[in-house]
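The structure appears below as structure tokens.
These figures come from a predicted structure and were not determined experimentally. Chain A is the first sequence line, chain B the second, and so forth, proteins listed ahead of strands; every chain is numbered from 1.
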Amino acid sequence: MADSDLTPKFAPFFGMAGIAAAMTFGCFGAAYGTAKSGIGIAGVGTFRPDLIMKSLIPVVMSGIIAVYSLVIAVLIAGDMGPPPAQNYSLFNGFMHLACGLSVGLTGMAAGYAIGIVGDMGVRSYMQQSRIFVGMVLILIFGEVLGLYGLIVALILNTKSRG
Amino acid sequence: MATRRIISGEKTILEKDDKDFAQPEGGKSNIAPAVPAHVIYKLLGFTLAMVVGPIGSYFLTLNLLFRGNSTYAGAFAAIMANVVLIGYVVVAFQEDQTDQMEAKEKEKREGKKVI
């Protein structure tokens with residue numbers, strides 16, 4: 001294959017950067033969400049151990065943020081290959097970077113929201129059980145932010161076969 | 001110190017007397033584990049589902065169901081992750097209800113004993 005204007009040598013750099021951005025930023029958000037809500041659950045668990053099962057919901061939601069990032073990282077990695085076998089265009093490189101950044105940074109935003117809401121939510125749930133439905137709703141709205149990033153990344157990813 | 005525990009209402013281990021730990025006369029000692037087995041199985045099951053479910057379904061459906069269309073397979077994996085979450089919420093709710101029912105039954109039984 002020839003090194004042309006449309007498929008320069010450095011194009012895979014951006015695709016690889018997209019994979020790394022998706023995974024690291026997404027896991028950064030998921031880790032913050034897990035840790036912050038875990039602090040709240042540990043605080044609740046010493047007083048009301050029976051509420052732990054329901055308080056674990058923010059942790060499960062943070063796990064889903066990481067799954068979104070993982071799906072996009074695997075998807076991008078599937079589209080890439082070593083140079084002699086595949087012409088990797090600069091367009092694809094930038095597109096994969098956009099995929100990775102969109103899912104990674106929205107995942108980080110969602111993880112921060114889940115962490116803060118999860119921490120304060122389970123602590124309030126200990127004192128007022130009616131707050132549970134509201135807490136789950138807020139958590140879902142927080143997590144939907146990560147889902148939007150995933151949708152944009154999936155739509156962007158379809159353009160590589162155009 | 002907003003995160004400090006309120007410890008005034010609790011007895012530390014040093015303040016407890018021996019009779020706080022002693023078993024009732026003639027009764028069997030309570031050797032049941034603090035966390036019942038079915039809860040452990042539930043948590044292990046959800047952990048496994050969370051780890052294997054989405055990414056496994058991605059690779060399974062990629063060639064079998066969607067014929068190599070990775071976008072649909074990725075969307076399917078995201079849906080599977082949310083299915084696990086909904087399953088967890090449902091199980092957590094049921095757990096709460098069974099706890100309440102058990103507590104009510106216990107109350108009934110103990111009430112009869114007193115009469």
Notebook entry, point to check: Sequence neighbours excluded, which residues qualify as side-chain hydrogen bond (donor to acceptor under 3.5 Å, both in side chains) partners of A/Asp50?
Noted result: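 So A/Asp50 forms a side-chain hydrogen bond (donor to acceptor under 3.5 Å, both in side chains) with A/Arg48.
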With a 4.5 angstrom heavy-atom cut-off, could you sort out which part of [X] is near chain B: side chain, backbone, both or neither?
{"X": "A/Val67", "answer": "side chain"}
{"X": "A/Leu56", "answer": "both"}
{"X": "A/Leu75", "answer": "both"}

Item checked: A/Tyr125 OH: over 12 foreign heavy atoms closer than 6.0 Å ->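 Yes.
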Next item on the list: For each of B/Asn82, B/Ile55, B/Thr47, tally heavy-atom pairs with chain A at distances under 4.5 Å, and name the one with the top tally.
Entry: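 Among the listed options, the one with the most contacts to chain A is B/Asn82.
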Check: chain A: which of B/Phe93, B/Tyr88, B/Tyr58 shares the most heavy-atom pairs with it under 4.5 Å?
Finding: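 It is B/Tyr88.
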Tell me, do [X] and [Y] make a side-chain contact under 4.5 Å, heavy atoms counted?
{"X": "B/Leu43", "Y": "A/Met53", "value": "yes"}
{"X": "A/Gln128", "Y": "A/Ser124", "value": "no"}
{"X": "B/Phe46", "Y": "B/Val91", "value": "yes"}

Checklist line | Interatomic spacing from CE in B/Met50 to CD1 in A/Ile64 - rounded to 0.5 Å | finding: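 B/Met50 atom CE to A/Ile64 atom CD1 measures 4.0 Å (nearest 0.5 Å).
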Item checked: Nearest-0.5 Å distance that lies between atom CG in A/Leu150 and atom CG in A/Leu145 ->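 Here the rounded value is 13.0 Å.
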Identify which part of [X] has an atom lying under 4.5 Å from any heavy atom of chain A, answering side chain, backbone, both or neither.
{"X": "B/Leu62", "answer": "neither"}
{"X": "B/Val84", "answer": "neither"}
{"X": "B/Leu85", "answer": "both"}

Checklist line | Pairing residues for A/Ala98 by the side-chain contact (heavy atoms from CB on, under 4.5 Å) criterion, not counting sequence neighbours | finding: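 For A/Ala98 the side-chain contact (heavy atoms from CB on, under 4.5 Å) partners, ignoring immediate neighbours, are A/Leu156.
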Checklist line | Close approach to chain B in residues 130-143 of chain A, criterion heavy atom under 4.5 Å | finding: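 Heavy-atom contacts from residues 130-143 of chain A to chain B are A/Phe132, A/Glu143.
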Next item on the list: Could you label the plane-to-plane angle of the A/Tyr32 and A/Tyr112 rings as parallel, tilted or perpendicular, counting under 30° as parallel and over 60° as perpendicular?
Entry: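 A/Tyr32 vs A/Tyr112 ring planes: parallel.
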Next item on the list: If you link ILVMFWY side chains whenever their heavy atoms are less than 4.5 Å apart, which other residues fall into the same cluster as B/Phe66? By chain and number, please.
Entry: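 Once heavy-atom contacts under 4.5 Å are chained together, B/Phe66 belongs with B/Leu65, B/Tyr72, B/Phe76, B/Met80.
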